[in-house]
Every structure is written in C-alpha cells, then in structure tokens.
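Working notes for the structure below.
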Number of protein chains: 2
Amino acid sequence: MLDISQSTNELIAAFERACRDRGLRLTHQRLEIYRELARSTDHPTAEALYKRLRRTMPTLSLDTVYRTLSTFAEYGLANKVETVESQARFEAVNNRHHHLVCSECKTIMDFQWQEIDTLPLPQEVGEWGAIGTRSVVIHGICRQCRHKT
Amino acid sequence: MLDISQSTNELIAAFERACRDRGLRLTHQRLEIYRELARSTDHPTAEALYKRLRRTMPTLSLDTVYRTLSTFAEYGLANKVETVESQARFEAVNNRHHHLVCSECKTIMDFQWQEIDTLPLPQEVGEWGAIGTRSVVIHGICRQCRHKT
DNA sequence: GTGCGTGCAAACGGTTTGCATGCTT
DNA sequence: AAGCATGCAAACCGTTTGCACGCAC
C-alpha cells in the first residue's frame, strides 16, 4: 500500500515508483489526476476531478478520468468509497482511516481511530471467514449544516 | 424505527401499522415487496427482488419495485445499503447491526457488535458535528470463497 | 368518488466501450 | 518501432419519470 502522508513531492515520487513497479505508463493525465486526487480531501467524484483539472488541461476527457480512476483502484493506488449516492467517490490511498458522513451536505471527512482495531470482534465474525479491514462510517450532521438553519 | 426481529406475522402486522401511521396506502405490491425483503438475508438489489416476486406476481413491474423501495427508504421502513457496486442493495430496517462483506462473492452478512457503541470516539469526531449512528463494515473473504480454490 | 399507486414505455445520467490517433517506453 | 493510453462518440445499464388506468381509502 502506498503511504502518502507526506509532502507533495515525496508523494508524487512514490506515485511514480508505484507506476513503474506495476508496469503502468506514467502519463501526464495519470500524474495530474493522481496529484489532484491526493490534494483533495473531499472524496471527489470523477466529474468533480474532471472539472477541476479541465482548467489546466483543456483537452482532458471525462472518460480518461473514469478509466484512470478504475486503473488506480485496480492497482491499489486509489479507493472507490462506499456510498449510497449514484455517483462514485474516490480517495487516494492513504493511511488507514474512517469516514464521517454528513447526512445534509453529503460531505465525507476522514478521521483516525486506532482503538477500533484492538477491540475484540464478536465470535460469529471469526467464524464467518478471513477478516480483512474494519471500516467505520459515522453518519451525523456537520457543524456548518447544524448552524445553517 | 421498525423492529422486525419477530415472527413473520407480527412483522407484517407491524408493517401494516407503520404504513397506516405514515398515511401510506397498503397495496398488494408494497406488502409483498416488504415481505420478500424482510425474508431475505442477502441484501438484495431491486432486480433480485423483482425476479423473486415475479414468480408469484407476474404483472409486477420493475419500476414499481424501485419506487416502492425508495418510498420505504424515505419513510424509514427499509435502508439502502452503502456499497461500491453499481446496483443498489436494500435491507428491511432491522435492529442495529453491522456488515461483513466478502470481497470475492460480494455477499453481505449482518452481525451485532454492541461494544462498538460504548467505545469512546476520538475527540476530533465530537468537534466535527452531531454524531448519529456508527456503522462498521468489515471486508474479508467468507468461508465458502476461501475453501473454493 | 378521490386521488395515490401501478404498469408501461420512454427518458435520464453516470459509466463503459470501440476505434483511430498519439505518446511513453 | 511497439503498443499502451487517450480522446471522441456512441453504447450501456441501472434508475427515474410522464402518463393513463386501477385500486385503496
């Protein structure tokens, strides 16, 4: 897994390495899409990324963004976020974290919660199969939405 | 919230009450869709429910299933489950529970985990806004998929 | 009888795909 | 030079919507 909790330069260097390791060609589009995704903290949709990038890359096409994001997801460079909305949201693969979702504005915020990993799981879970990662999603109403009446 | 951890009869009675309370008409389609959803433990898609119900209700239409499920979701009689897949999945509103997702076969299983609600949240979460429910999703590989090589 | 809910068919919108061209390797 | 990645446009597919009829109230 790619650790991007670092400066942007290191981050991009790590991305370039990751591409080479996986035999992925390092194109301008991939680099810029990754850079934009890693810079974003709002778990953008493909379309949101497209709009942001279009300003500096006028020839970029939306389907390249889609194709690139699914390539990233396939190679573990980004994640598709589980959502109830119709548009898929993405995040650069980051340190392990959980999500706070505002029921009003649908914003998704990250947070850390190490304790969750040490809390013993119910027995039935162990019986179900091989356990991978635990992800917590907390639904609530964010400060901004609460105060805006 | 509707508690359906009971016999089917009580469950249906509770559903009928819930419809009346909300001013929703109690149609044959709604009743059968609810019955099938409550009987299903696999978090079916609208299409899956449609196929199952079509056997006994040949005139049922897929868009009625969609419309009914979103009515249920709107009135708190069912939930749309957060997923990374393209088709939406649903569950009858049940006691609070969490999800085990198999990365291979995409099956979703429910499990209980009361302890999670008493585990103190990180401070930053409290600062974010008003907290609602905590939902855990554990990704892993279920027994069947592990043994099938 | 009133008007909400259903069935049908057509529209919609996000995402994917086929194909010719371009750019990384 | 070889072939993967991109851009364009068209197809795809899950879901939604407009309309007329039917059924719960």
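Computed from a predicted structure; not experimentally measured. To find a chain, count down the sequence lines: A is the first, B the second, and so on, and within it residues start at 1.
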Please report the distance, rounded to the nearest Å, between [atom1] in [X] and [atom2] in [N].
| X | N | atom1 | atom2 | result |
| --- | --- | --- | --- | --- |
| Glu47(A) | dC12(C) | CD | C1' | 14 Å |
| Lys80(A) | dT16(C) | NZ | C1' | 11 Å |
| Leu31(A) | dT24(C) | CG | P | 11 Å |
| Glu32(A) | dT6(D) | CD | P | 12 Å |
| Phe72(B) | dT15(D) | CZ | C1' | 18 Å |
| Glu74(A) | dA5(D) | CD | C1' | 14 Å |
| Phe90(A) | dG14(C) | CZ | P | 13 Å |
| Gln87(A) | dC12(C) | CD | P | 17 Å |

query = Could you give the distance from CD1 (Ile33(B)) to CZ (Phe90(B)), rounded to the nearest 0.5 Å?
reply =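 So the gap between those two atoms works out to 10.5 Å.
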query = To the nearest 0.5 Å, how far apart are CE in Met109(B) and NE2 in His98(B)?
reply =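 The CE atom of Met109(B) sits 14.0 Å away from the NE2 atom of His98(B).
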key: Check: Glu91(A)/His99(A) side-chain N/O donor and acceptor closer than 3.5 Å   =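 Checked: Glu91(A)/His99(A) side chains pair up, N/O donor to acceptor below 3.5 Å.
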query = Going by distance alone, is a donor N or O of one side chain under 3.5 Å from an acceptor N or O of the other, for Arg52(A) and Ser40(A)?
reply =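 The criterion, which ignores hydrogens and geometry beyond distance, is satisfied for Ser40(A) and Arg52(A).
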Pairwise ring pair (Phe, Tyr, Trp, His ring centres under 6.0 Å) hits with a residue in residues 50-83 of chain B, at least two apart =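 Sorted result for residues 50-83 of chain B: Phe15(B)-Phe72(B), Tyr34(B)-Phe72(B).
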Minimum side-chain heavy-atom gap Arg17(B)-Arg20(B) below 4.5 Å =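 Heavy-atom side-chain distance check fails, nothing below 4.5 Å.
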ask   = With side chains defined as the heavy atoms from C-beta onward, is the minimum distance between Asp117(A) and Arg96(A) less than 4.5 Å?
value =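 They are in contact (side-chain heavy atoms under 4.5 Å apart), so the answer is yes.
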Greater than 12 external heavy atoms within 6.0 Å of Glu127(A)'s CD =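 Correct, the count exceeds 12.
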ask   = Hey, does the side chain of Gln29(A) come within less than 4.0 Å of dC23(C)'s phosphate (OP1/OP2), counting only N and O?
value =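 Result: no.
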ask   = Near DNA chain C, which residues from residues 56-68 of chain B have a heavy atom under 4.0 Å away?
value =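 Residues of residues 56-68 of chain B that come under 4.0 Å of DNA chain C are, in numerical order, Thr59(B), Leu60(B), Ser61(B), Asp63(B), Thr64(B), Arg67(B), Thr68(B).
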Can you give me the N/O atom pairs linking the protein to nucleotides 22-25 of chain D at distances under 3.5 Å, or say none if there are none?
unit_1: dC25(D); atom_1: OP1; unit_2: Leu26(B); atom_2: N; d: 3.1

ask   = Ignoring hydrogens and geometry, is there a side-chain-to-backbone donor-acceptor pair from Arg35(A) to Leu11(A) under 3.5 Å?
value =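 Between the backbone of Leu11(A) and the side chain of Arg35(A) there is no qualifying donor-acceptor contact (under 3.5 Å).
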